[in-house]
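The next block holds one structure in the form of structure tokens; read it before the comments.
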4 protein chains.
Amino acid sequence: MDGDKKQERKKALETLTRQGILDAVTALLIRDGIQSLTMDRVATEAGVAKGTLYVYFKNKEEVLYAALDASLEPLVVELSALLTGDSAPDAKLEEFSLCHLRFFDEHQDLIRILYYDREKTYSEKHRYTDERYRTSVRQVAAVLDEGVRRGQFAPLDSLKAAAMFIEANIGMVMQRIHGGDYGGVEKDAQQVTDIFMNGLKRRV
Amino acid sequence: MDGDKKQERKKALETLTRQGILDAVTALLIRDGIQSLTMDRVATEAGVAKGTLYVYFKNKEEVLYAALDASLEPLVVELSALLTGDSAPDAKLEEFSLCHLRFFDEHQDLIRILYYDREKTYSEKHRYTDERYRTSVRQVAAVLDEGVRRGQFAPLDSLKAAAMFIEANIGMVMQRIHGGDYGGVEKDAQQVTDIFMNGLKRRV
Amino acid sequence: MDGDKKQERKKALETLTRQGILDAVTALLIRDGIQSLTMDRVATEAGVAKGTLYVYFKNKEEVLYAALDASLEPLVVELSALLTGDSAPDAKLEEFSLCHLRFFDEHQDLIRILYYDREKTYSEKHRYTDERYRTSVRQVAAVLDEGVRRGQFAPLDSLKAAAMFIEANIGMVMQRIHGGDYGGVEKDAQQVTDIFMNGLKRRV
Amino acid sequence: MDGDKKQERKKALETLTRQGILDAVTALLIRDGIQSLTMDRVATEAGVAKGTLYVYFKNKEEVLYAALDASLEPLVVELSALLTGDSAPDAKLEEFSLCHLRFFDEHQDLIRILYYDREKTYSEKHRYTDERYRTSVRQVAAVLDEGVRRGQFAPLDSLKAAAMFIEANIGMVMQRIHGGDYGGVEKDAQQVTDIFMNGLKRRV
DNA sequence: GATGAATGAGTTTTCATTCAT
DNA sequence: TATGAATGAAAACTCATTCAT
């Protein structure tokens with residue numbers, strides 16, 4: 001039967017429009033920032049009518065939410081897999097830095113959206129970005145705790161150290177962006193690792 | 001002549017109004033965030049007419065800019081003094097952490113304005129907050145360079161490490177806020193210092 | 001041949017769809033009022049695609065028109081039959097009240113549609129509801145005229161008295177609804193009849 | 001001092017704008033009905049900017065509410081005074097009819113707004129019109145009760161009879177409008193009175 | 001300087017209707 | 001016939017800014 005095929009093609013088309021909208025949002029966000037993001041512009045950029053946006057999304061907030069979600073999904077998934085994997089704690093942190101820097105090396109402009117526009121994007125209920133952030137903090141903290149248990153790291157307040165670590169990575173990314181650095185990710189990841197690994201290490 | 005006195009009184013009154021407006025902005029910013037800051041509300045909160053705002057400031061952007069400036073001035077001045085002072089590099093970093101944490105311990109809500117609302121606040125030309133941030137990065141980097149020169153710290157990319165350090169401090173503040181921590185600033189500052197000092201230390 | 005059968009079945013199905021749409025409209029009208037009636041909701045409620053509505057009806061107005069028509073048809077037919085029947089004028093009025101109250105006792109929510117949403121529903125050309133109302137007025141007026149001719153009622157402006165009578169009945173229904181009365185229709189019909197019969201009666 | 005004068009003039013001007021808006025709403029309501037009432041048109045009709053509407057009223061609902069309120073205020077006040085006055089019950093009802101007819105004779109178009117657009121105008125919370133209507137019903141019912149107590153009227157369900165009476169008066173107005181009647185108010189009021197007085201009268 | 005009424009461009013959102021499949 | 005994705009005109013509402021007093 002070709003009913004299935006039709007269904008399939010239809011679904012594909014739908015996804016295409018939806019994705020087109022999300023891409024448009026991301027593009028606009030990167031190009032002009034969140035302040036000047038209007039539904040009008042999104043529609044124009046996506047090449048659809050304004051009304052179409054409301055066919056796929058309930059309101060502006062949802063579009064924004066979905067777009068950020070889609071953009072950051074890969075990073076979130078990768079980091080999460082990495083942190084909850086089987087490697088040793090120090091290896092995990094090293095990987096984390098590398099992964100983080102690599103992602104934003106390829107998607108430099110997303111950092112502005114992710115970290116500069118943090119919180120403001122959403123209404124009070126919807127702090128999704130923040131939730132994602134909190135999850136990262138907790139996962140890193142778990143890794144630190146494991147390191148302490150294994151005697152690799154000195155005892156510490158793991159949640160706070162985790163926040164420090166993550167933010168330090170962000171700082172590194174931002175500094176790279178500001179300095180116009182492209183490439184050389186490994187060296188920078190190394191520096192983060194060096195400082196933190198030594199800083200955390202149990203001192204004998 | 002009492003022309004002078006009049007002039008004086010006038011000036012004093014003017015300063016009072018101006019300050020009143022800035023205080024209103026800060027209060028509103030802390031209370032409701034940047035999204036819901038309107039000139040209308042500022043005027044109401046300050047107890048002046050809407051038109052008065054435009055007597056003292058060119059436009060909304062300028063009001064916001066001035067208010068943030070006024071709020072963060074003390075911190076900026078203190079950090080700047082500290083970083084460009086005569087202490088040893090490691091002592092400076094330690095002081096920096098302590099000072100940073102202390103300030104946001106007392107003005108917890110300002111961190112949201114300062115770091116979450118970063119960039120979005122201003123138009124392209126006016127990245128004042130960011131400028132202030134860049135200055136801090138440079139100053140910390142200078143301290144690190146000095147530390148390297150003195151052989152206290154291992155060689156490093158000082159700008160990047162500076163960004164890491166500053167962001168790590170911010171991470172600590174945010175974690176404190178999230179955890180609802182009040183007080184105990186010294187212990188947390190100690191953890192930042194511990195990790196970074198050991199991390200930066202020249203290894204023999 | 002089964003062409004006929006096919007045709008038949010087709011027609012039956014068509015009628016089913018059509019009726020389903022009308023039922024959906026009535027249900028929505030009763031549930032949420034006319035303000036929130038959208039073609040989208042009608043389609044959803046009826047379980048058909050939005051486009052289908054336009055297969056069976058020219059536009060929203062026609063759907064609404066047809067739905068109200070279908071809902072009120074029974075009452076209109078009954079009242080009309082009653083008023084143009086063979087009973088005596090006073091009996092007719094008595095029956096009218098009873099019938100009117102009974103109908104809206106069973107379909108309480110329709111009164112809102114019928115009398116509150118009167119006129120607003122339609123464009124200038126289409127005052128169908130109103131037309132139906134005018135017909136009722138004329139029919140009741142004819143009954144009154146007959147009563148006058150027979151010497152039962154005192155001479156009067158029959159159209160105006162008819163309007164009064166009909167509206168008085170509506171007033172009774174609304175009061176019943178407002179008071180949350182269910183049942184006891186006969187007693188209330190009796191009061192309408194009592195007042196009007198005595199009021200109209202030729203005084204000797 | 002002329003500070004007072006200034007204040008006065010200012011207030012007068014404000015009231016003028018406000019009243020101008022309300023007049024515009026009433027005019028549009030009468031001319032085109034409630035369906036086509038848009039804030040845009042109100043602004044144009046009132047000769048002010050759209051934004052000005054929102055300076056004086058919170059939203060569309062409030063404008064509508066205020067306009068109807070202002071239009072019907074005189075009638076409501078007059079009827080209320082009349083019904084709660086010192087006259088005998090039958091005189092009150094007679095006066096009511098006369099007053100009611102007279103008002104709508106002069107403001108024929110308001111009846112459409114008042115009675116056709118009843119309820120639909122407002123959101124669920126705001127049934128002001130309806131509240132006004134309920135008050136009238138109660139006041140008339142009180143008059144009827146008083147008539148019963150005095151032995152002028154036969155015992156009855158006063159609230160329901162009151163609703164009947166009021167609606168009958170509305171029916172009369174609508175019939176007059178439909179018939180294009182102008183003037184002759186007294187005769188029509190007489191008919192309402194005749195029918196109801198005789199209908200209500202205690203029968204011996 | 002101080003006021004605050006008035007502005008109007010700009011924004012989000014709705015929804016009846018169309019049309020290619 | 002039936003679909004439902006797409007449309008776009010129209011509506012409500014916001015708010016920084018101006019300007020006459």
Side-chain angles (χ1 to χ4, degrees), chain A residues 2 6-7 9-11 13-14 16-18 21 36-43 46-61 63, chain B residues 10-11 13-14 17-18 36-44 47-64, chain C residues 10 13-14 17-18 36-44 47-64, chain D residues 2 6-7 9-11 13-14 16-18 21 36-43 46-63:
Chain A
D2 59 23
K6 238 187 197 166
Q7 279 282 320
R9 240 186 83 209
K10 219 174 219 170
K11 207 145 222 174
L13 241 133
E14 218 183 297
L16 221 69
T17 310
R18 200 190 147 85
I21 292 170
S36 55
L37 188 86
T38 70
M39 292 303 261
D40 235 318
R41 289 192 196 187
V42 171
V48 298
K50 228 186 306 180
T52 306
L53 304 181
Y54 290 88
V55 171
Y56 288 90
F57 303 93
K58 207 181 125 209
N59 52 31
K60 190 182 177 182
E61 197 181 333
V63 188
Chain B
K10 219 178 199 173
K11 208 146 219 173
L13 247 141
E14 250 182 77
T17 309
R18 201 189 143 84
S36 55
L37 189 87
T38 69
M39 292 301 262
D40 232 317
R41 288 191 199 189
V42 172
T44 306
V48 299
K50 234 189 302 185
T52 307
L53 303 181
Y54 290 87
V55 173
Y56 289 91
F57 302 93
K58 204 183 125 206
N59 53 30
K60 191 183 178 182
E61 198 180 332
E62 299 286 327
V63 188
L64 207 42
Chain C
K10 216 179 201 174
L13 246 141
E14 249 183 79
T17 310
R18 201 189 144 86
S36 54
L37 189 86
T38 69
M39 293 301 262
D40 230 318
R41 289 190 198 189
V42 172
T44 305
V48 299
K50 236 189 301 184
T52 308
L53 303 180
Y54 290 87
V55 173
Y56 288 92
F57 303 93
K58 205 181 121 205
N59 52 30
K60 190 185 179 183
E61 197 181 333
E62 299 285 327
V63 188
L64 206 42
Chain D
D2 59 21
K6 241 188 197 165
Q7 278 283 320
R9 241 185 81 209
K10 219 175 218 170
K11 207 145 220 171
L13 242 133
E14 220 184 293
L16 221 70
T17 309
R18 199 190 148 85
I21 293 169
S36 55
L37 189 85
T38 70
M39 293 301 262
D40 236 316
R41 287 192 199 188
V42 171
V48 299
K50 225 188 309 180
T52 307
L53 303 181
Y54 290 88
V55 171
Y56 288 91
F57 303 93
K58 205 182 124 208
N59 52 31
K60 191 183 178 183
E61 196 182 334
E62 299 287 325
V63 189

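Every value quoted in this text rests on a predicted model; they were computed, and no experiment measured them. Letters A, B, ... mirror the listed sequences (proteins, then strands); counts begin at 1.
The nucleotide dA2(E) finds its pairing partner in dT21(F), both defining distances of the Watson-Crick or G-U wobble pair being shorter than 3.5 Å. dT14(E) is paired with dA9(F) under the Watson-Crick or G-U wobble criterion, all donor-acceptor distances under 3.5 Å.
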Exercise. Do Y56(D) and E62(D) pass the side chain to side chain contact (heavy atoms under 4.5 Å, CB included) test, and can you show the C-alpha distance, the side-chain angles, and the key distance before you say yes or no?
Worked result: CA-CA 9 Å; Y56(D) 288 91; E62(D) 299 287 325; over 6 Å; no
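Contact annotation for Y56(D): backbone-only contact, meaning every heavy-atom pair under 4.0 Å involves sugar-phosphate atoms and none involves a base. Backbone-only contact: L37(B) has heavy atoms under 4.0 Å from sugar-phosphate atoms and none from a base.
In this model, the phosphate group of dG8(E) is not approached by any side-chain N or O of Y54(D) to a distance below 4.0 Å at OP1 or OP2. Look at T52(C) and you won't find any side-chain N or O under 4.0 angstrom from OP1 or OP2 of dT1(F). For the pair T38(C) and dC15(E), the criterion of a side-chain N or O lying under 4.0 Å from OP1 or OP2 is not met.
E61(A) has its CD atom 18 Å from the P atom of dT11(E), to the nearest Å. Here the P atom of nucleotide dT1(F) and the CZ atom of F57(C) are 13 Å apart, to the nearest Å. One can place NZ of K58(C) at 13 Å from C1' of dT17(E), the figure rounded to the nearest angstrom. Between the P atom of dA9(E) and the CE atom of M39(D) lies a distance of 18 Å, rounded to the nearest Å. Rounded to whole angstrom, the span from the CZ atom of R18(B) across to the P atom of dG1(E) amounts to 11 Å. One interatomic measurement links the two molecules: CG of N59(D) to P of dT14(F), which rounds to 8 Å at whole-angstrom precision. Computed from coordinates, the K50(A) NZ to dT14(E) C1' distance equals 11 Å when rounded to whole Å.
Toward the 5′ end of DNA chain E lies the nearest nucleotide of D40(A), the other residue of the pair D40(A) and V55(A) mapping further downstream. DNA chain E is contacted by both L53(D) and K60(C); L53(D) maps to the nucleotide lying nearer its 5′ end (nearest heavy atom per residue). For the pair G51(D) and G51(A), both in contact range of DNA chain F, the more 5′-proximal nearest nucleotide belongs to G51(A).
Minimum heavy-atom separation, F57(D) to V63(D): CB-CG2, 3.5 Å. Nearest heavy atoms, L53(C) versus M39(C): CD1-O, 3.3 Å. Taking all atoms of both residues into account, the shortest heavy-atom contact from T52(A) to I21(A) is O-CD1, 4.5 Å.
Distances were taken from every side-chain heavy atom of A49(B) (C-beta onward) to each of dC13(F), dG4(E), dT7(E); the shortest belongs to dG4(E).
Rounding to the nearest 0.5 angstrom, the gap separating the CG atom in D40(D) from the OG1 atom in T38(D) is 5.0 Å.
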